J.: 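I'd like to ask some things about the structure below.
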Amino acid sequence: MNKPFIWFAVFGTAYGIPSTETSYAVDQQQPIIVTATRTAETADESLASVTVITREDIEESGALTVPEVLSGASGVDVTTIGGFGQLTSVFMRGAEPEQVLVLIDGIEVGSVSAGSTAWEFLPLSEIDRIEIVRGPRTSLYGSQAIGGVIQIFTRTGTGPPRARATVGAGSNNTSEVSAGFSGAAGSSWFNVSGSRFRTNGIDAREPGLRFGFFLDEPDDDGYENDAFSARFGHRFANRVEAEIHALHADGNTEFDELAGLGNEDDFRQQVIGAKLRLQPTSRWNVLVEGGRSKDERTTFRDDGSAPESRFDSEIQSFVWQNDLAFGTDHIITLGADLREDKITDSTVNFMEPSRRDEAVFSQYQGKVGRHDLLVGLRTDDNEQFGHETTGNIAWGYDITKPTRVIVSFGTAFRAPSLNDLFFPDLFGSPTSNPNLEPETSKSL
């Protein structure tokens, strides 16, 4: 692929405002992860196969997109059809893209109609780190986590408040500008940042057959993305911590398509969330978290020769989690999840435009001598297909300090997308089936 060459200049300014606390502890040798168990642990403590990609890793890689960063992780395969802004799929351990759960700051994201995530539209400039957990995690997160979970964390504030800016330019009229201001002071932390990416792109597809018809659009397929992220948090004196966060990206991407069909997308990706952490006692931690993610896409032709196609959807989610510590080596997690999928606007009429899922989950983590054990169980009650129970168990044994044996088993499921279930018939032919059952898996 003829990828544009691009160069970058980075500017930063630090202001001497003292900070006594920051939101997160940092271990340069073993990064702290939270995705594998929904509790904080170091990467070497986890009984799951995990990879952590830090902001430093991102900058050293020279990558310009999230798919480029993910393609370097073990167990992850990425395919992109064309250049910037083109359709991208992420496979984990052989699982389909729809069988990988994606979170942004704890909020589930993706299109509830298509059942997949628009990786190509996520702004890399707004990302602080990425946690990749390979293997089933449905017992913690519910539907889709068959191949694993990828959680993206947007930028936060640590250290003295400082400004930063990046400017880049390259071939094919490619340019990127980003800027931000972040830091921590006392018991508060913050980040505000934004970016703009533009390119004329390359021809996304060579001439060839598509659905039995010859496709030839010899043009450059451009891409535009304007993004913004923000995070504000405060730790109160009574062991209460509150935080709000937001990520927004919108723009336009061009691609090659048959005459009579749209060849441009206007898109919008948005995540808004809030979390509250409480510590009623020294051994009891409570997390209350909720938010909403939006995936909106309108397909059209600039000359108006194709009918407009629009699919806007959102996911609303709420989590209540309790972590109970017994001694220093045993933790029990009990929680409840609520998720609602909804088609908010569309040029087609879905037979059912929404569905609701309620779940309860539990997990035990323990260590005795050289032995580590994790057991998890979850029950989902989905208004479309009823109850689904999943679980996982993992055992680890430390042979020597750097060497460990791990054996794990887990079950998982993926609920059919709203397209699979309720997309209307076309020309009298059925395109969906409301009686579909979830896909299920067993992994050892």
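Quantities reported herein were computed from a predicted structural model and do not represent experimental measurements.
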J.: With a 3.5 Å cut-off and no angle check, do the side chains of Ser229 and Ser193 form a donor-acceptor pair?
T.: yes
J.: About how many Å separate CG of Leu276 and CD of Glu243, when rounded to the nearest 0.5 Å?
T.: 11.0 Å
J.: Within the side chain of Arg134, is there an N or O that forms a donor-acceptor pair under 3.5 Å with the backbone of Ser74?
T.: yes
J.: Quiz question: by atom type and distance under 3.5 Å, do the side chains of His234 and Ser188 form a donor-acceptor pair?
T.: yes
J.: Should we say atom CH2 of Trp320 is surrounded by more than 12 heavy atoms from elsewhere, each under 6.0 Å from it?
T.: no
J.: Taking Asp105 first and then Arg231, would you say they form a salt bridge - that is, a charged N and a carboxylate O separated by under 4.0 Å?
T.: yes
J.: Can you tell me if Gln384 uses its side chain to pair, donor with acceptor, with the backbone of Pro434 under 3.5 Å?
T.: yes
J.: If we count only N and O atoms by modelled type, under 3.5 Å, do the side chains of Asn252 and Asp266 hold a donor and an acceptor together?
T.: yes
J.: Does Val69 reach the side chain of Val66, with side-chain heavy atoms less than 4.5 Å apart?
T.: no
J.: Side-chain polar contacts of residues 89-100 - donor-acceptor pairs under 3.5 angstrom, sequence neighbours left out - could you list them?
T.:
from  : atom 1 : to     : atom 2 : distance (Å)
Gln99 : OE1    : Glu96  : N      : 3.0
Gln99 : NE2    : Glu439 : OE1    : 2.9

J.: With sequence neighbours excluded, tell me which residues meet ring-ring contact (aromatic ring centres under 6.0 Å, His included) with Phe350.
T.: Phe423
J.: Show the nearest heavy-atom pair for residues Thr431 and Pro424, with the distance to one decimal.
T.: OG1-O, 2.9 Å
J.: Do the side chain of Tyr223 and the main chain of Glu120 share a donor and acceptor less than 3.5 angstrom apart?
T.: yes
J.: Quick one about Glu68 and Thr65 (side-chain donor to acceptor, distance below 3.5 Å, no hydrogens or angles considered), yes or no?
T.: yes
J.: Would you say that Phe84 contacts Phe197 through its side chain, given a criterion of any heavy-atom pair below 4.5 Å between the two side chains?
T.: yes
J.: My understanding is that only one of Gln365, Gln321, Gln363 makes a side chain to side chain donor-acceptor pair (under 3.5 Å) with Thr39; could you say which?
T.: Gln365
J.: Run the numbers on Leu418 and Ile343 for side-chain contact (heavy atoms from CB on, under 4.5 Å), then give the verdict.
T.: CA-CA 8 Å; Leu418 294 186; Ile343 303 294; 3.7 Å; yes
J.: Do side-chain atoms of Thr88 reach the backbone of Thr80 as a donor and acceptor pair under 3.5 angstrom?
T.: no
J.: Between Trp284 and Asn322, do the side chains contain an N or O donor and an N or O acceptor separated by less than 3.5 Å?
T.: yes
J.: Assess the residue pair Phe361 and Tyr141 against the criterion (ring pair (Phe, Tyr, Trp, His ring centres under 6.0 Å)); give the C-alpha distance rounded to whole Å, side-chain angles, the decisive distance to 0.1 Å, and a yes or no.
T.: CA-CA 9 Å; Phe361 61 89; Tyr141 295 102; 8.2 Å; no
J.: State, to 0.1 Å, how close Arg277 and Leu287 come at their nearest heavy-atom pair, and which atoms those are.
T.: CG-CD1, 3.9 Å
J.: Could you work out, with side chain to side chain contact (heavy atoms under 4.5 Å, CB included) as the rule, every residue matching Phe326, not counting sequence neighbours?
T.: Leu324, His330, Ile332
J.: Table please: side-chain donor-acceptor pairs of residues 288-297 below 3.5 Å, with sequence neighbours left out.
T.:
from   : atom 1 : to     : atom 2 : distance (Å)
Ser293 : OG     : Glu108 : O      : 2.7
Asp295 : OD2    : Gln269 : NE2    : 2.9
Arg297 : NH1    : Asp265 : OD2    : 3.2

J.: Main chain of Asp312, side chain of Thr344: is a donor-acceptor contact present, judged purely on distance under 3.5 Å?
T.: yes
J.: Tell me whether Asp221 contacts the main-chain N or O of Asp203 through its side chain, where contact means a donor paired with an acceptor under 3.5 Å.
T.: no
J.: Is it the case that the side chain of Arg38 and the backbone of Leu140 share a donor-acceptor pair, with hydrogens and angles ignored and the cut-off at 3.5 Å?
T.: yes
J.: Tell me whether Arg301 contacts the main-chain N or O of Leu261 through its side chain, where contact means a donor paired with an acceptor under 3.5 Å.
T.: yes
J.: Any side-chain heavy atom of Glu308 within less than 4.5 Å of one from Thr298?
T.: yes
J.: Looking only at non-hydrogen atoms, find the nearest pair between Gly157 and Asn191 and report the distance.
T.: N-CB, 4.4 Å
J.: Rounded to the nearest 0.5 Å, what's the gap from CD1 on Ile53 to CD1 on Ile152? Could you check?
T.: 9.5 Å
J.: Cut-off 3.5 Å, side chains only: do Asp420 and Ser432 have a donor facing an acceptor?
T.: no
J.: Identify the heavy atoms of Thr138 and Ile146 that sit nearest to each other, and give their distance.
T.: OG1-N, 4.3 Å
J.: Run through Val34, Ile32, Val50 and flag the one making a side-chain contact (heavy atoms from CB on, under 4.5 Å) with Glu131.
T.: Val34
J.: Could you give the distance from CG (Leu374) to CD1 (Ile331), rounded to the nearest 0.5 Å?
T.: 10.0 Å
J.: Identify the two heavy atoms, one from Ala412 and one from Thr390, that lie closest to each other, and give their separation to 0.1 Å.
T.: CA-CG2, 3.9 Å
J.: Centres of the Phe181 and Phe190 rings: under 6.0 Å?
T.: yes
J.: Return the OG to CD1 distance between Ser46 and Ile406, rounded to the nearest 0.5 Å.
T.: 7.0 Å
J.: To the nearest 0.5 Å, tell me how far Phe267 CZ sits from Thr299 OG1.
T.: 12.0 Å
J.: Salt-bridge test for Asp226 and Arg198: reply yes if a basic N is under 4.0 Å from a carboxylate O, no otherwise.
T.: yes
J.: May I ask you to test the Leu47-Arg404 pair for a side-chain heavy-atom distance under 4.5 Å?
T.: yes
J.: Can a donor-acceptor pair be found between the side chains of Thr42 and Asp44 at a distance below 3.5 Å?
T.: yes
J.: Of all residues at least two apart in sequence or in a different chain, which pass the side chain to side chain contact (heavy atoms under 4.5 Å, CB included) check with Val102?
T.: Val109, Thr117, Trp119
J.: Report the C-alpha distance between Leu103 and Ile150 in whole Å, list the side-chain angles of each, state the deciding distance to 0.1 Å, and finish with yes or no for side-chain contact (heavy atoms from CB on, under 4.5 Å).
T.: CA-CA 6 Å; Leu103 308 171; Ile150 298 177; over 6 Å; no
J.: Measure the spacing between NZ of Lys442 and CG of Asn392 and express it to the nearest 0.5 Å.
T.: 14.5 Å
J.: Can Asp128 and Arg55 be counted as an ion pair, charged N to O under 4.0 angstrom?
T.: no
J.: Would you say the side chains of Thr174 and Asn172 form a donor-acceptor pair under 3.5 Å?
T.: no
J.: Which atom pair, heavy atoms only, marks the closest approach of Ser195 to Glu126?
T.: OG-OE2, 3.4 Å
J.: Using the salt bridge (charged side-chain N to carboxylate O under 4.0 Å, His left out) rule, collect all pairs that involve residues 376-394, keeping only residues at least two apart or in two chains.
T.: Asp337-Arg378, Arg378-Asp380
J.: Please tell me if the side chains of Arg235 and Trp189 come closer than 4.5 Å, counting only heavy atoms from C-beta onward.
T.: yes
J.: I'd like to know whether Phe409 forms a side-chain contact (heavy atoms from CB on, under 4.5 Å) with Ser443, so could you lay out the CA-CA distance, the side-chain angles of the two residues, the decisive distance to 0.1 Å, and finally the verdict.
T.: CA-CA 6 Å; Phe409 173 80; Ser443 300; over 6 Å; no
J.: I'd like to know if the side chain of Glu264 reaches the main chain of Phe255, judged simply by a donor and an acceptor atom lying under 3.5 Å from each other, with no hydrogens or angles considered.
T.: no
J.: Cut-off 3.5 Å, side chains only: do Asn382 and Asp357 have a donor facing an acceptor?
T.: yes
J.: Answer whether the closest heavy-atom distance between the side chains of Leu247 and Ile104 falls below 4.5 Å.
T.: yes
J.: Is there a donor-acceptor contact under 3.5 Å from the side chain of Ser61 to the main chain of Ile58?
T.: yes
